[in-house]
Novice: 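My questions will all concern the structure given below.
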Amino acid sequence: MDTEAQASPHAMVKAEGVRKSFGSLEVLKGIDLEVAPREVMCVIGPSGSGKSTFLRCVNHLEKINSGRLSVDGHLVGYREKGGKLHELKDSEVASQRQDIGMVFQRFNLFPHMTALENVMEAPSQVKGLRKEACREQGAALLERVGLGNRVHSYPNQLSGGQQQRVAIARALAMEPKLMLFDEPTSALDPELVGEVLDVMRSLAESGMTMMVVTHEMGFAREVGDTLVFMDDGAVVEAGDPKRVLTDPQHERTRSFLSKVL
């Protein structure tokens, strides 16, 4: 039997009736979806549709109001006892987050640290790895994202695309099971988008499970296993990216795609 299938018989991400409100505004209106191990799910939709909020719920940066959300078979942010959900302590949530890498629109690098120091920081501080081991791992990850020659550069000496690749290397340094990307190219100049998408493409080819909120339809078509279209806090349509992009079944999907393709 395939050991990978044996190790992860469940979905890597499973959302069941996930709802999230900010005050009286309901942003997520009962999200149901699953991401299989090694799957790349791309999420598209207009601004304000709930895409980024849902991604932030997956690693408990936002607390859901109802429903259930699991990563690799474990409830995110909660434990179940006596049929009720009880919120985990901050330290327990932080421990869960070690398995979930997240890359944001903005790079959020420490400006006073070099690229290598940025990548070394979490494994050193959170996992307590020896500095030398962190240095070796960090250098290898920067090489992997095409920045082996910029390990000693500070963020202000790097282009936006290079900074985002450092951010990806930093997330990978925690050896996550799942990578979340929240519009990782939207803050970049158009000519720098390709270098970040190339790194994400190679990650997908290596078998990393990924959820990607994106406006890059070409990437979704080529790399995605599943394409999800969200609007007004709900999943309107989901399926094979090529099918959704060329033959959408819902009028709302057709209307959105006619504006972006």
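Heads up: numbering here begins at 1 and tracks the sequence. None of these values were measured; they are calculated from a predicted model.
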Novice: Looking at Leu192 and Gly160, what are the two nearest heavy atoms and their distance?
Specialist: CD1-N, 4.0 Å

Novice: Could you see if Ile31 belongs to whatever hydrophobic cluster contains Val213? Use Ile, Leu, Val, Met, Phe, Trp, Tyr and a side-chain cutoff under 4.5 Å.
Specialist: yes

Novice: Given 3.5 Å as the limit, does a donor-acceptor pair link the side chain of Gln125 with the main chain of Pro123, or not?
Specialist: no

Novice: Would you sort out whether Glu121 and Arg170 count as a salt bridge (Lys or Arg N to Asp or Glu O under 4.0 Å), showing the intermediate values?
Specialist: CA-CA 8 Å; Glu121 181 71 3; Arg170 180 181 58 183; over 6 Å; no

Novice: With no hydrogens and no angle check, do the side chains of Thr226 and Glu39 hold a donor and an acceptor under 3.5 Å apart?
Specialist: yes

Novice: Could you tell me if the side chain of Leu178 sits less than 4.5 Å from the side chain of Val58, heavy atoms only?
Specialist: yes

Novice: What is the distance from atom CG of Leu180 to atom CG of Leu55, rounded to the nearest 0.5 Å?
Specialist: 4.5 Å

Novice: Which pair of heavy atoms, one from Val235 and one from Ala238, lies closest together, and at what distance?
Specialist: CG1-CB, 4.4 Å

Novice: Determine, step by step, whether Arg254 and Glu251 satisfy the salt bridge (Lys or Arg N to Asp or Glu O under 4.0 Å) criterion, reporting the C-alpha distance in whole Å, the side-chain angles of both residues, the deciding distance to 0.1 Å, and the verdict.
Specialist: CA-CA 5 Å; Arg254 286 194 286 273; Glu251 176 53 42; 3.4 Å; yes

Novice: Are Arg252 and Glu237 within salt-bridge range, i.e. N to O under 4.0 Å?
Specialist: no

Novice: Linking I/L/V/M/F/W/Y whenever any side-chain heavy atoms sit under 4.5 Å apart, do Leu158 and Phe107 land together?
Specialist: yes

Novice: Does Phe22 have Lys20 sitting over its ring (NZ/CZ under 6.0 Å from centre, angle to axis within 45°)?
Specialist: yes

Novice: Given Met41 and Val212, is the side-chain contact (heavy atoms from CB on, under 4.5 Å) satisfied, shown in steps?
Specialist: CA-CA 6 Å; Met41 176 179 283; Val212 185; over 6 Å; no

Novice: Which atom names give the shortest non-hydrogen contact between Leu28 and Cys57, and what distance separates them?
Specialist: CD1-SG, 4.0 Å

Novice: Taking the side chain as everything from C-beta on, heavy atoms only, tell me whether Leu141 gets closer than 4.5 Å to Val145.
Specialist: no

Novice: Could you give me the CA-CA distance, side-chain angles and deciding distance for Phe229 and His250, then say whether ring pair (Phe, Tyr, Trp, His ring centres under 6.0 Å) is met?
Specialist: CA-CA 10 Å; Phe229 171 65; His250 293 263; 8.8 Å; no

Novice: Ion pair present between Glu87 and Arg79, side-chain N to carboxylate O less than 4.0 angstrom?
Specialist: no

Novice: To check you understand the geometry: which heavy-atom pair defines the closest contact between Gly101 and Pro176, and what is its length?
Specialist: N-CB, 3.5 Å

Novice: When you measure from the side chain of Ser206 to the backbone N and O of Leu203, does any donor-acceptor pair fall under 3.5 Å?
Specialist: yes

Novice: Decide side-chain contact (heavy atoms from CB on, under 4.5 Å) for Val13 and Glu34; before the verdict, give the C-alpha distance in whole Å, the side-chain angles of both, and the deciding distance to 0.1 Å.
Specialist: CA-CA 5 Å; Val13 179; Glu34 289 190 14; over 6 Å; no

Novice: Nearest 0.5 Å, please: how far is OH in Tyr78 from NZ in Lys63?
Specialist: 6.5 Å

Novice: Quick check for you: to the nearest 0.5 Å, what is the distance between Ser186 atom OG and His215 atom NE2?
Specialist: 6.5 Å

Novice: With a 4.5 Å limit on heavy-atom distance, are the side chains of Arg150 and Gln157 in contact?
Specialist: yes

Novice: Flag the pair Pro111 / Tyr154 as yes when at least one side-chain heavy-atom distance between them is below 4.5 Å, and no otherwise.
Specialist: no

Novice: Taking Met208 as the starting point, is it possible to reach Val71 by hopping between hydrophobic residues whose side chains are less than 4.5 Å apart?
Specialist: no

Novice: Where do Glu222 and Arg201 land on the salt bridge (Lys or Arg N to Asp or Glu O under 4.0 Å) test, with the steps shown first?
Specialist: CA-CA 9 Å; Glu222 295 162 35; Arg201 189 175 285 109; 3.2 Å; yes

Novice: Between Arg135 and Glu132 (salt bridge meaning N to carboxylate O under 4.0 Å), is one present in this structure?
Specialist: yes

Novice: Is there a side-chain contact (heavy atoms from CB on, under 4.5 Å) between Arg68 and Val18 once you walk through the steps?
Specialist: CA-CA 6 Å; Arg68 298 166 68 91; Val18 169; over 6 Å; no

Novice: Could you tell me if the side chain of Gln96 sits less than 4.5 Å from the side chain of Val76, heavy atoms only?
Specialist: yes

Novice: So, the side chain of Asn65 versus the backbone of Ser21: is there a donor-acceptor pair under 3.5 Å, distance only?
Specialist: yes

Novice: Does the Asp231 side chain pair with the main chain of Ser49, one donor and one acceptor, at a distance under 3.5 Å?
Specialist: no

Novice: With a 3.5 Å distance limit and no angle check, can you tell me whether Gln105 reaches the backbone of Thr185 through a side-chain donor-acceptor pair?
Specialist: no

Novice: Are any of the side-chain heavy atoms of Leu227 and Leu245 separated by less than 4.5 Å?
Specialist: yes

Novice: Are Met230 and Leu69 co-members of a hydrophobic cluster defined by side-chain heavy atoms under 4.5 Å apart?
Specialist: yes

Novice: Do any N or O atoms from the side chain of Arg221 and from the backbone of Lys242 form a donor-acceptor pair under 3.5 angstrom?
Specialist: no

Novice: Of all heavy-atom pairs between Ala169 and Leu142, which one has the smallest distance, and what is that distance?
Specialist: CB-CD2, 4.1 Å

Novice: Surrounding CG of Asn156 (heavy atoms of other residues, nucleotides or ligands, distance under 6.0 Å), is the total greater than 12?
Specialist: yes

Novice: Find the distance between NZ (Lys127) and CD (Gln98) and round it off to the nearest 0.5 Å.
Specialist: 6.5 Å

Novice: Report yes or no: do Val119 and Met113 belong to one cluster of Ile/Leu/Val/Met/Phe/Trp/Tyr joined by side chain heavy-atom distances under 4.5 Å?
Specialist: no

Novice: Whether the side chain of Glu117 engages the backbone of Thr114 through a donor-acceptor N/O pair (distance < 3.5 Å, no angle test) should be reported.
Specialist: yes

Novice: Just verifying a value: how many Å separate Leu75 CG and Ser70 OG, rounded to the nearest 0.5 Å?
Specialist: 4.5 Å

Novice: Evaluate whether atom NE2 of His86 has more than 12 neighbouring non-hydrogen atoms of other residues, nucleotides or ligands under 6.0 angstrom away.
Specialist: yes

Novice: Between Glu62 and His60, is any pair of side-chain heavy atoms under 4.5 Å apart?
Specialist: no

Novice: Please confirm whether the backbone N or O of Arg243 pairs with a side-chain atom of Asp240, one donor and one acceptor, at under 3.5 Å?
Specialist: yes

Novice: Which heavy atom in Pro155 sits nearest to a heavy atom in Leu109, and how many Å separate them?
Specialist: CG-CB, 3.9 Å

Novice: If I take atom CG from residue Leu61 and atom CZ from residue Phe104, how far apart are they, to the nearest 0.5 angstrom?
Specialist: 5.5 Å

Novice: Run the side-chain contact (heavy atoms from CB on, under 4.5 Å) test on Met211 and Phe181 for me, step by step, so that the C-alpha distance in whole Å, both residues' side-chain angles and the decisive distance to 0.1 Å come before the verdict.
Specialist: CA-CA 6 Å; Met211 294 184 70; Phe181 293 87; over 6 Å; no

Novice: I'd like to know if the side chain of Asp225 reaches the main chain of Val40, judged simply by a donor and an acceptor atom lying under 3.5 Å from each other, with no hydrogens or angles considered.
Specialist: yes

Novice: Under a 3.5 Å distance rule, please check whether Gln162 uses its side chain to pair with a backbone N or O of Ser159 as donor and acceptor.
Specialist: yes

Novice: Can you tell if the side chain of Val166 reaches within under 4.5 Å of the side chain of Leu147, non-hydrogen atoms only?
Specialist: yes

